[in-house]
Amino acid sequence: MSRSKRKGRKPRQPEDQSIAQQAASEQRNANQDSRLNKPSLPEGERRDGGEWQTEWTNAKFVTYYKKQKIVDGDEEWELFMETMRKTLPTTFRLSPNSPSTPALIDLIEKVHVPHLQEIVFEGQKVEPPKKLPWYPWGLAYQFEANKRVIRKVPEFKKLHQFLVYETEVGNVSRQEAVSMIPPLLLDVHSHHVVLDACASPGSKTAQILEALHSSIPIDPTKGSATTTDPLPTMVHHPKGLVIANDTDLARAHMLIHQSARRIPSVALMVTNLDAGSYNSLKLSNNKSLSFDRILCDVPCSGDGTLRKNVGIWKVWNVASGNGLHGLQLRILLRAMRMLKPGGKIVYSTCSLNPVENEAVVAAALNTFPGQYRLPPTSHLLPDLKRRPGLTHWTPAVAAIIPKKEDEQVEDEATTTDEKWNGDPFAFQTYEDFVNGTKGLSRAVLGRRMKMLETHWPPKNVKDLGLENCMRVLPHLQDTGGFFVCLIEKLPRETSKNKNQDMEVEAPAEPSSPTHLKRPAEAIENEEDVVPLKKAKTDDEDEPPADENQGQEVVVVPEADVTTKQQETSKGKRQNRGKGKKGKGKSGASTEDASIVDKDLMGIEGVTGGTFTEQPFTFIDGNDPILKANIARLNLLPSFPKDNLYVRSDLGDTTRRVLLCNDLAKEIISYNAYDKIRLISAGLHAFVRQDAGPKRGNEFDLLPPITASSEPQPTTLSPPHYKTTPIIFSPDRNSALRFVSDGVEALSVFVSPEGKVQGTLRDLKKLIESYYPTINRFEYEEGAEKLLWNSIQGRPVGSYIIEFKPGEWEGGELLQPLVLPLWRSGTSISVMLDKQAKS
């Protein structure tokens, strides 16, 4: 029966066939696009053979960047544009300190790459994956196979499936090549305190965590795929700390998932603050925490991602970069205030626009004269091809200048660059701009021009060392476009300005969408392409950056500032869900007046989402139930039991127990968690295992529940430090057990009595069955009974089971494996969820 008859519709007449066929064809195309996880095609674009096809050009883009002279001459410009019109290659990297990395390298080099040699698809040779020549240890790869090749060539399909699986388990990170550069330049060591100011979705945070947990620092001067230096090993309990921050609450939660999948860490905290007014974190010495390293991968217009986000070609305009400049400068200045003397900041964007790049850096350096420098970078990542930063640029301004101040301007819906009245480069200096716009009211200037003095090159531009910035252009090594700048804070004794603690606040953009995230990392899976740079909201994916910029990133008069603050306090900001005003301090100096409007100083940042997180309550280390469980888990005296905490109020029943390192505990103890909008800290260490009322004898070695005492006096008495006894449900006997997230990090604290060993045959049986009986591991005579022998005589409880690399019945384990094991009265089981077992 036809679809029309089933629904009671009149059958189509013959003359309707052409229309019906066209509609059916459009529906098939839409369905295919949906299966490919592609957004709807903008008008004027089409998809041909699985690849995006568009105009791949924009007259404003060409005019603007030719004026900036980002390349040398017409010949290189043509090469640059030719590369910009090509689809971006897929790139991925391996973790340097994962025990699986050597085996994965062998698998890629000895299995996948040889099978992908001499592949020809539709008359075109398809190259196999090749190493990025500049990435240390050769741990990053790139290949150019499009989706049709991956779908139809079996060898590439196998590679794709391999990457998908390894990405899910955290061994591989599918990340754009240029996105890998900033964490390498930070030069993170295991003792460093690091802030990732605009961290979501988390690929760079994962790189920073890998460096923090590495036994050997990743030396950026040895950035080469041909290095023969040994790979580092994992340091599970570094002294340092990584704080990952994102203004958008949902994206901040995404960071937790991303980090837990890659490196569950006691040294990771996640906060939800405005990066431009990030709160000071108090320490036990009553001083504020300063950072050794800060990454400012700031929101940007994203035109460096045109090879991936092709929709930007259609909507590109200068307003995006001009509008985001103030926000970017505010974030960078706040980072500079929080940096230790001798520390490093990496400022980066995926934009080619000097207004978002060199102009921001120049303004920041001039705000703190003599305190910072741009060190030479040509020796860093020596095999990375790049261009030096610009020392001259010309902002583009649409010349909408009524003759009189009270003359009615153009329709409000018309953006500044839609008509391009006059020469967009008419104002060569800020003074020219001021003189040329005297007839406009301040409200019109804010709404239309969005220009600050810092958009233009400063008078001392030649003295700032901007040529030490890195401009990564797509045609140099087949990448996206990117800007990176390494900034060092001079030691106090060498600083020309001795007033190091001067409170200098960044220029405030009261309505700046600080939760905009760079489109180069909007989705880490290279298959998911976002057409535009977008602003995250509660109920939609992301509107285009230029739209948000046009509506919100503006220089507004004082009256408008007050109005916007009132609207924010009432939770009425558009496109923000239930936004909540941040607690950032003002304190801007009047000395900033040369680069920012005085009326905009002291505006507090706005975070994205109502903060309803549970409190952080540490477990009293003297609690007898906790002591009994620590003994039962066979944890050594060196185990940091005082750093265990729960996410609940005092007196609540314990379910999950988490562990952080000493510095994270100090920050939690001396700061109100809701003021710093702390989302997460440390890793998941234990979970409560209930035996049930009829099986209480399984836990008879533990003290009774009523033995739990009140919190004991502690020598640590910071203002926000709270302890609670560990509390189990009163109607059942319970005990703590290991969980998969933290078992590898905790294994170093487990005595031999808390560990058992197994063979690959044992592992197969444990994975295939839930709670197999212990007697099933008593194999036939002569077979290895490693698990059977090691589990005999062990009491009920939680253990760690260790497997060594080896082969069995066609299966192979390439690296040592550590898993949580639960032994009940008659059965055993590895405590993994169904997905992990698969």
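If you read the sequence from its start, that first residue is 1, and numbering goes on from there.
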**Request:** Indicate yes or no: at least one non-hydrogen side-chain atom of Gln207 is less than 4.5 angstrom from one of Arg93.
**Result:** yes

**Request:** Could you please spell out the steps behind the side-chain contact (heavy atoms from CB on, under 4.5 Å) verdict for Trp313 and Met84?
**Result:** CA-CA 10 Å; Trp313 283 109; Met84 289 289 282; 4.0 Å; yes

**Asked** Atom NZ in Lys459, atom OG1 in Thr429: separation rounded to 0.5 Å?
**Response** 9.0 Å

**Prompt:** Is there side-chain contact between Ser348 and Leu295, with at least one heavy-atom pair below 4.5 Å?
**Reply:** yes

**Message:** For the aromatic rings, using the six-membered ring if either is Trp, is the centroid distance between Tyr65 and Trp77 under 6.0 Å?
**Reply:** no

**Message:** Can you confirm whether or not the ring centre of Tyr64 sits under 6.0 Å from the ring centre of Trp316?
**Reply:** yes

**Message:** Would you say that Leu352 contacts Leu473 through its side chain, given a criterion of any heavy-atom pair below 4.5 Å between the two side chains?
**Reply:** yes

**Asked** What's the spacing between Ser378 OG and Glu467 CD if we round to 0.5 Å?
**Response** 11.0 Å

**Asked** Is there side-chain contact between Asn245 and Cys198, with heavy atoms separated by less than 4.5 Å?
**Response** no

**Asked** Atom CG of Leu185 and atom CG of Leu381: how far apart are they, to the nearest 0.5 Å?
**Response** 5.0 Å

**Prompt:** With a 4.5 Å limit on heavy-atom distance, are the side chains of Leu339 and Arg293 in contact?
**Reply:** no

**Request:** Please examine the side chains of Val360 and Tyr347, heavy atoms only from C-beta on, and report whether any two atoms are closer than 4.5 Å.
**Result:** yes

**Item:** Taking every non-hydrogen atom, the tightest pair across Leu332 and Ala364
**Value:** CD2-CB, 3.5 Å

**Asked** Mind checking whether Val178 and Cys350 have side chains closer than 4.5 Å, heavy atoms only?
**Response** no

**side chain to side chain donor-acceptor pair (under 3.5 Å), paired with His475, selected from Glu76, Glu78, Lys385, Glu82** = Glu76

**Item:** Audit row: Lys344, Asp187, salt bridge (Lys or Arg N to Asp or Glu O under 4.0 Å) steps and yes/no
**Value:** CA-CA 9 Å; Lys344 298 179 181 180; Asp187 189 24; 3.7 Å; yes

**Request:** Locate the shortest heavy-atom distance separating Ser351 from Asn357; write the atom from each residue and the value.
**Result:** O-ND2, 3.0 Å

**Asked** So, is the end of the Lys67 side chain (NZ or CZ) under 6.0 Å from the ring centre of Phe425 and within 45° of the ring's axis?
**Response** yes

**The single option from Thr83, Asp478, Thr479 passing side chain to side chain donor-acceptor pair (under 3.5 Å) against Arg307** = Asp478

**Prompt:** Side chains of Glu358 and Gln68: closer than 4.5 Å at any heavy-atom pair?
**Reply:** no

**Prompt:** Could you go step by step and tell me if Arg334 and Asp274 meet the salt bridge (Lys or Arg N to Asp or Glu O under 4.0 Å) rule?
**Reply:** CA-CA 10 Å; Arg334 180 57 186 149; Asp274 177 6; over 6 Å; no

